[in-house]
Amino acid sequence: MRNTTRRAFVLYIVIIAFFAGLGYMMYGFFIHGSEWTSNLANQHIYKNGEIASAGTIFDRNGVKLVYSEDGVRVYNDDKTVRKATLHAVGDNSSFIATGVQYVYSSKLSGYDFVNGVYNLKKYNRGNDINLTLDADICKTAYEAMDGRKGTIAVYNYKTGALVCMVSTPAYDPQNKPDDIDENSDEYEGVYLNRFVSGLYTPGSIFKIVTAISAIENIPDIYSQTFECTGEYQTGDGKIICNGVHGTVDFEEALNHSCNSAFAQIALELGQEKLMQTAGELGFNTKEDMDQITVSKSTFDVSKTSKVDLGWAGIGQYTTMVNPYHILTIMGTIANNGVATKPYFVENMVYPNGKTETIGKTEINKTVKITPEIASQMKKLLRSNVVNYYSDSTFPGLQMCGKTGTAEVEGGSHAWFVGFSQREDAPYAVVCVVEKSGSGLSVAGEVVNEVMQEVCN
Amino acid sequence: MSNEKLNNKFHWGFALILVTIFQVLTGTVAITGDGFNAKLMAVYAGYIILEWVYFIIASTFCGQNNFELELIGFLFSGIGITNVATVYDGYALKQAVAVVLGLCVFIALLVIMRRTDIVMKLRMPVAFGAVGLLIVNLALAKYNNGALNWITIGGISIQPSEFVKIAFIFVGAASLDKLQSARSLTKYLIFSFGCVGALFLMKDFGTALIFFFTFLIIAFMRSGDVRTIALVCVAAVLGALMIIYFKPHVAARFQTYRHIWDYINDEGMQQTRTLIYSASGGLLGLGIGKGLLRDVVFASTDLAFGMICEEWGMLIGLMIVITYSFILLYAIKVARTTRSAFYAISACAAAGLLLFQASLNIFGVTDILPFTGVTLPFISRGGSSIISSWGMLALIKSADIRTYPKLSQTILPDHPLYPPNIMIGKRGKRQAYVPPVINKPVKVKTSSADIPVSRKRTASASNRNDIPISKKKPAAKDIPVSRKKAQSAPRDVPISRKSNDGRAKK
């Protein structure tokens, strides 16, 4: 039986479709609400594309790095602190895509699904964010960089908290220079936080990876000796060394950063073993620091000639290293094989005083070093400082470390990676100064200045 | 059973008080939001008085007790007034005047719909009038926001297509005298095609889509023929594809669909802002007048839903839009017991139109459907839209048997709407279902709806199938009579239209 009124029941389909649409809409708001709210077009938070109303960002000592007053973002009153913390805090216009003001803008605005940005409108402030960074140490680091480009970061390898994270060049976010886009020499990559986004040729610091692979795979590595005549012939080419080291054993080779010896070790290991170790250390794996994306360190020697494998073993091939990644490796060695992830955003404080933890001690499962190898590496890196760089370079710090001087077009990057062995100062450090000279004299000096302040 | 539930359990007085409280609260915010505004105060006072006067007169003098739709209409229109008042107080008065006009249309339509003989006579004039209005629109209109759907007469802009909506349903449902005959369907098809075509020429694709959807409801409810409907849909899709193929600029209008963030400051501006600010409002809202979506172009007309979400909160926004589906549920329910297919179809089509239009608006601004710029019924700023929305309510309400308590609930062979809404048998061998016999006189005082027409069949009704219906003169015992008639008139005289009309004029 058909009849008109019965046919009205097809309208139930319309109603069901309508509710399905509503459900989909609400799902969209639930999932994307915070992303939509932090769009630059949202005039509740941004004025003319610049962040205007948001919460305060504090350093670990409660120093205000930036806050909102009458709809204007006001940065720390010390110009050097402003520059030193620029990449951590971020700028007004969201050019610095890894800065807290961009990445955590929905948190800073106090957005939540139930209240929207009501708290921001009512109290004219959103949620506050506490960083683990120390503004004074960052300032020291910025000054130690002395106008050179590069990055330095120090973190507590037991907790993961970064105390210093500086990337240069930087600018003053309160008074953004007008020539920032024209002056490409001075402000090259100024919006990049080199610590998380930078990728550098590692140079000799890559010998740490080769050494780890050697300890893992060559049982008699400590009893082997290597001849260094200033160069090493691989048959299809030669590796140039930084000096003539004569006959050296494994430890001495690392101390002197002997290219001939490490090229031989790399060839002895072969492509596969070296790739495997690099993979275990987290190369070629995407990483992130909470919501901040970190560039991926890359290592690939699968299709190399012998001489290129030799160069790769000493960090001069196509290998690229990210400072955040290498710092994690140093922390893992220092922390007896426990890879603690660095973080710098401590927590968020709601207007009512409630806090929500953001950064916490987490293990990075992609960086795998056994405690046995970690303790051997510790000894080797300590011996570098004791026997070669000298403790007087890092007075009182009991540093372990490795320098690097990565040859690139137009100069060499000065590297220093290491950590303090002192029980009361569990800090690991990474420093790279672009095209500035040799690792120890340039990066070593910057590291010393910063570590002195961190550890004392 | 279901009638009783509708009839007696709904305490409209209590609901009216709640609606008034809501309006006083929200109105107070609007009036005092930017310093005390005496003009707005007057608008609100007038509006609330109008509301109460309507309810009191309708309940005491017109015997009405089914106020569900009016309550929704007044509640929504009030929300609309508040929403536009905080943008610019001059809008509020215009909006309130539109509600008064809408109410006039509502009452007028209810009166007309009661007189089905007049409905039948008006059918053709209305159809020609509607097409004429669209032609006048096309001739006079100037481009306005990419569409030609506005004309300005004496300084007042009106949107003729809004009024044609009422005519469209009216004509569609009323072409039922020769029920399911091919000729009436053809005529209606031509009329529908004319309307949709004119809207396409105006580039008002949203309204064209609404008309098409309404056409589908009417055509399906009339014929029940899934194949025909499928054919029409396929033809429409092919037509749309052809338009896109030959006129790529039409397709370009919808290029932002699902890509609004790529056109964030151009074509996607309204949708992205709606999403941004609706999310900013959260579930509870930022407060009436505290939003920023209002600054976006055409916010109070196109983006009313977003404004409500941002300022009043998404919960209220959701409740409003869910209520549109309740209107349709109501229509389906009253269509079950209504007097004839005419009322059933007009109610379902009107309610379906309201829900579909609301969906196009809500899902258009949130980028779930393409953005077409149709209004949110009752709430968006715009007089024509308000008036036509109230007209829809009248079409739905007229299907509710409680609306005309003194009217006989059955339809006799000499009635213009005969046969009634129920058809028996398979396609091709259809017979009209003859109204049931009512043994008891209808009790007008409580409600004539006590006897559901479509559900009760008495034993005697089954005997009649062998008599050709068209030839059959109603036997005296088959004639349902109202109580008065039963007392005064001899039982063998069929109850005529005249006697009903005479009483209606009293």
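A, B, ... follow the sequence lines: proteins, then strands. Residue 1 opens every chain.
Looking at A:Phe113, the atoms closer than 4.5 Å to chain B (heavy atoms on both sides) sit in the backbone and in the side chain alike. In this structure, chain B has a heavy atom under 4.5 Å from the side chain of A:Phe29, while its backbone stays farther away. Looking at B:Phe213, only its side chain comes within 4.5 Å of chain A, counting heavy atoms on both sides. When heavy atoms are compared at a cutoff of 4.5 Å, A:Phe19 approaches chain B solely by way of its side chain, counted from C-beta outward. In this structure, chain A has heavy atoms under 4.5 Å from both the backbone and the side chain of B:Ile276. For B:Met269, no part sits under 4.5 Å from any heavy atom of chain A, backbone or side chain. Heavy atoms closer than 4.5 Å to chain A are found in both the backbone and the side chain of B:Phe220.
A:Tyr191 and A:Tyr171 have perpendicular rings, their planes meeting at more than 60° on a 0 to 90° scale where under 30° would count as parallel. Ring geometry, A:Trp36 versus B:Trp261: the interplanar angle falls under 30°, so the pair is classed parallel (tilted spans 30 to 60°).
Among all heavy-atom pairs drawn from B:Ala299 and B:Leu293, the shortest one is CB-O, 3.3 Å. When all heavy atoms of A:Met289 and A:Val294 are compared, the pair lying nearest together is N-CG2, 3.8 Å.
Interface summary for chain A: among B:Asp295, B:Leu275, B:Thr366, B:Leu328, the most heavy-atom pairs under 4.5 angstrom belong to B:Leu275. Of the listed residues (B:Ala279, B:Ser280, B:Ser325), the one with the most heavy-atom contacts under 4.5 Å to chain A is B:Ser280. In terms of non-hydrogen atom pairs under 4.5 Å with chain A, the most contact-rich of B:Thr272, B:Leu369, B:Leu329 is B:Leu329. When A:Ala41, A:Ser106, A:Ser109 are compared by the number of non-hydrogen pairs under 4.5 Å with chain B, A:Ala41 comes out ahead. Each of A:Met25, A:Glu35, A:Lys121, A:His32 has some count of heavy-atom pairs under 4.5 Å with chain B, and the biggest count is that of A:Met25. The candidate from B:Ile217, B:Asp367, B:Leu318 with the greatest count of non-hydrogen atom pairs under 4.5 Å with chain A is B:Leu318. When each of A:Ile45, A:Val114, A:Thr37 is scored by its heavy-atom pairs under 4.5 Å with chain B, the top score falls to A:Val114.
In the model, A:Asp59 has no side-chain atom that pairs as donor or acceptor with a side-chain atom of A:Thr85 under 3.5 Å.
One distance of note links OG of A:Ser197 with CG of A:Asn322; it measures 7.5 Å at 0.5 Å rounding.
Two residues are said to be in side-chain contact when any heavy atoms from C-beta on lie closer than 4.5 Å; A:Tyr12 and B:Ile332 meet this criterion.
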TODO: Carefully, step by step, assess A:Val89 and A:Tyr75 under the rule side-chain contact (heavy atoms from CB on, under 4.5 Å).
DONE: CA-CA 10 Å; A:Val89 171; A:Tyr75 290 81; 4.1 Å; yes
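The residues A:Glu287 and A:Lys341 are annotated as salt-bridged, a charged nitrogen and a carboxylate oxygen being separated by less than 4.0 angstrom.
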